[in-house]
Each structure stands twice: as structure tokens, then as C-alpha cells.
Amino acid sequence: MHCSCVNDIDTIKQITFKSTDPEQKTEELYVLQTEGGFPQFKLYAPLAEAYSKPEQVTKFKEGIKVEFFDDGGKQESVLTGLYGEINETKGTMRVLDSVQLYNPARKQTLYTEALYWDQKDSLIFTDKMVMIKSPTELIYGKGIRAKQDFSYYEFLEPQGRISIKK
């Protein structure tokens with residue numbers, strides 16, 4: 001007597017796979033995007049979950065760190081947060097919860113609870129409360145638009161004390 005069984009993958013997926021589950025999971029994700037041999041940005045996340053429906057989205061539920069570089073490969077700024085999401089369909093990223101954007105050349109750090117990055121025009125923005133701390137000043141307000149290198153920024157509703165040199 002001979003007996004065998006066949007497992008149909010589609011049937012198994014119907015039983016074990018939920019539509020809310022990610023299609024891919026990656027631990028200790030490290031991405032380096034270069035152009036002309038120089039880094040544009042480095043991304044690190046302890047856990048990445050990729051989804052393709054309804055849009056191509058990668059979620060970083062355990063935190064994210066992104067380092068931005070200039071055309072010569074020098075680090076311009078570092079973006080960190082406890083949660084991140086990249087929408088590859090739109091070319092955008094949002095970072096939430098304890099967000100910091102640091103510019104080492106200016107020794108400035110931006111603090112907020114939500115920050116968005118548009119890869120097409122290299123802009124970082126939010127409509128949430130923002131605080132910028134440097135060795136000589138503390139500026140805060142609601143909403144900001146900035147270059148990804150944090151070399152230029154504009155508050156939408158500035159508040160606080162600004163020191164002006166003569």
C-alpha cells in the first residue's frame with residue numbers, strides 16, 4: 001500500500017496568511033544609495049516590513065536612522081525616529097515619535113514628533129510643533145520646511161527667542 005499527500009501553497013496561504021501581514025520582513029536592514037560612487041543616503045533599521053497593497057510601503061516599527069550626504073560624500077545630516085515609513089510609490093518617507101534631525105557642521109538639532117521627507121525635491125517638512133537647539137539659541141514654532149541637509153529652514157509659525165548678532 002502506498003499513500004502520499006500534496007500541499008497546495010495557495011491553500012496554505014489562505015489558512016496562515018492574513019491580508020494585514022507584511023509580504024517581507026528584514027532584520028538589521030542596511031541600505032546605501034550611491035550616485036557616481038558617492039553615498040546619497042544610508043538607512044538603518046532593526047526591522048523592516050514590506051507591503052505592496054494598496055501601495056508599496058516599507059514600515060520600520062522598531063526605529064529608523066537615515067544619514068544624508070552631499071555630492072562629495074560628506075555627511076550633511078542625520079535623521080532618527082522610533083517609527084518610520086517609506087512610500088516607494090510616492091517617493092516619500094515619514095518618521096514619527098521622538099524625531100531628531102541633526103546637522104553636525106552647524107551643531108543644530110531639530111526635535112519634533114513627525115517629520116516628512118520628499119525624495120524628489122529633497123525637502124523635509126512638518127506641521128507639528130518643532131524645536132531647534134544649537135549651542136547659542138533655542139527656537140521653536142509650529143511647522144517647518146527645510147532642506148534635507150538642514151542647511152536652510154523656514155518656520156511656518158515661529159515662536160521663541162532668537163539671538164541676532166550685530
Side-chain angles (χ1 to χ4, degrees), residues 22 25-51 55-166:
K25 276 189 180 183
T26 305
E27 292 182 1
E28 302 299 323
L29 175 69
Y30 177 79
V31 175
L32 174 63
Q33 182 168 325
T34 62
E35 188 172 302
F38 294 104
Q40 287 185 309
F41 69 86
K42 288 183 194 177
L43 183 146
Y44 168 75
L47 177 67
E49 296 179 341
Y51 302 82
E55 296 178 307
Q56 284 188 306
V57 174
T58 303
K59 297 182 180 184
F60 309 100
K61 296 178 181 177
E62 294 181 6
I64 185 170
K65 177 181 179 181
V66 183
E67 297 176 51
F68 297 104
F69 298 88
D70 66 14
D71 293 336
K74 182 180 176 191
Q75 185 188 66
E76 292 181 315
S77 60
V78 181
L79 175 63
T80 59
L82 298 180
Y83 176 86
E85 210 173 87
I86 293 177
N87 185 320
E88 295 179 39
T89 306
K90 295 178 181 176
T92 59
M93 176 174 61
R94 72 179 179 148
V95 180
L96 305 172
D97 197 0
S98 304
V99 180
Q100 293 184 22
L101 177 64
Y102 177 66
N103 179 320
R106 295 175 145 205
K107 294 184 174 90
Q108 286 182 318
T109 306
L110 177 149
Y111 301 91
T112 188
E113 285 304 309
L115 203 60
Y116 302 88
W117 175 50
D118 188 338
Q119 188 175 7
K120 290 180 282 264
D121 55 13
S122 302
L123 281 180
I124 292 174
F125 57 93
T126 187
D127 60 355
K128 305 292 183 198
M129 287 300 296
V130 176
M131 179 177 68
I132 296 178
K133 186 177 178 183
S134 73
T136 59
E137 61 189 8
L138 177 66
I139 307 170
Y140 57 95
K142 186 174 181 189
I144 197 168
R145 293 177 55 85
K147 293 174 104 177
Q148 77 184 20
D149 65 3
F150 198 33
S151 62
Y152 170 82
Y153 57 87
E154 175 184 336
F155 277 97
L156 304 179
E157 296 177 33
Q159 302 170 3
R161 185 176 296 210
I162 301 170
S163 60
I164 301 172
K165 296 179 182 179
K166 292 184 179 182

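All residue numbers refer to positions in the sequence shown, counting from 1.
- Atom CG of Asp121 is surrounded by more than 12 heavy atoms from other residues, nucleotides or ligands within 6.0 Å.
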(request) Any chance you could lay out the side chain to side chain contact (heavy atoms under 4.5 Å, CB included) test for Val99 and Thr126, step after step, and finish with the verdict? (result) CA-CA 11 Å; Val99 180; Thr126 187; over 6 Å; no

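- When all heavy atoms are compared, the tightest approach of Thr112 to Met129 is OG1-O, 2.7 Å.
- Geometric assessment of Lys133 against the ring of Tyr111 yields a negative cation-pi assignment under the 6.0 Å and 45° thresholds.
- In this structure, CG on Leu123 lies 10.0 Å from OH on Tyr152, to the nearest 0.5 angstrom.
- Ring geometry, Tyr116 versus Phe125: the interplanar angle falls under 30°, so the pair is classed parallel (tilted spans 30 to 60°).
- Taking every heavy atom of both residues into account, Asp118 and Gly91 meet most closely at OD1-O, 3.8 Å.
- Taking CD1 of Ile139 as the reference point, atom CZ of Phe155 lies at 5.5 Å (rounded to 0.5 Å).
- Nearest heavy atoms, Glu88 versus Thr58: OE2-OG1, 3.1 Å.
- For the atom pair CG of Leu79 and CD1 of Ile124, the computed distance is 6.0 Å after rounding to the nearest 0.5 Å.
- Within a 6.0 Å sphere centred on CD of Glu55, heavy atoms belonging to other residues, nucleotides or ligands number more than 12.
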(request) Output, in order, the C-alpha distance, side-chain angles, deciding distance and verdict of side chain to side chain contact (heavy atoms under 4.5 Å, CB included) for Leu43 and Ile86. (result) CA-CA 11 Å; Leu43 183 146; Ile86 293 177; 3.6 Å; yes

(request) Could you please spell out the steps behind the side chain to side chain contact (heavy atoms under 4.5 Å, CB included) verdict for Tyr102 and Lys107? (result) CA-CA 7 Å; Tyr102 177 66; Lys107 294 184 174 90; 4.3 Å; yes

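- Nearest heavy atom pair, residue Tyr153 against residue Ala146, reads CB-CB, 3.7 Å.
- For Lys42 (side chain) and Phe69 (main-chain N/O), no donor-acceptor pair under 3.5 Å exists by modelled atom type.
- A donor and an acceptor atom, one from each side chain of Tyr30 and Glu28, are nowhere located under 3.5 Å apart.
- Pairing each heavy atom of Gly63 with each of Ala45, the nearest pair is O-CB, 3.6 Å.
- Between Leu115 and Leu110, the closest side-chain pair of non-hydrogen atoms falls below 4.5 Å.
- Atoms CG and CD1, on Leu156 and Ile144 in that order, are 8.0 Å from each other to the nearest 0.5 Å.
- Of the inter-residue distances, the one linking Gln75 atom CD with Phe68 atom CZ reads 10.5 Å to the nearest 0.5 angstrom.
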(message) The test is salt bridge (Lys or Arg N to Asp or Glu O under 4.0 Å); show your working for Glu154 and Arg145 and say whether it passes.
(response) CA-CA 5 Å; Glu154 175 184 336; Arg145 293 177 55 85; 5.7 Å; no

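- Glu49 has no carboxylate O lying under 4.0 Å from a charged side-chain N of Lys59, or vice versa, which leaves the two without a salt bridge.
- Here Gln56 contributes atom CD and Thr89 contributes atom OG1; the two are 5.0 Å apart, rounded to the nearest 0.5 Å.
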(request) Applying side chain to side chain contact (heavy atoms under 4.5 Å, CB included), run through Val95 and Val66 and close with a yes or a no. (result) CA-CA 10 Å; Val95 180; Val66 183; 5.9 Å; no

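- Screening Gln33, Glu67, Gln119 for a side-chain hydrogen bond (donor to acceptor under 3.5 Å, both in side chains) involving Gln40 leaves a single residue, Gln33.
- Across every non-hydrogen atom of Lys128 and Ala114, the tightest pair is CG-CB, 3.8 Å.
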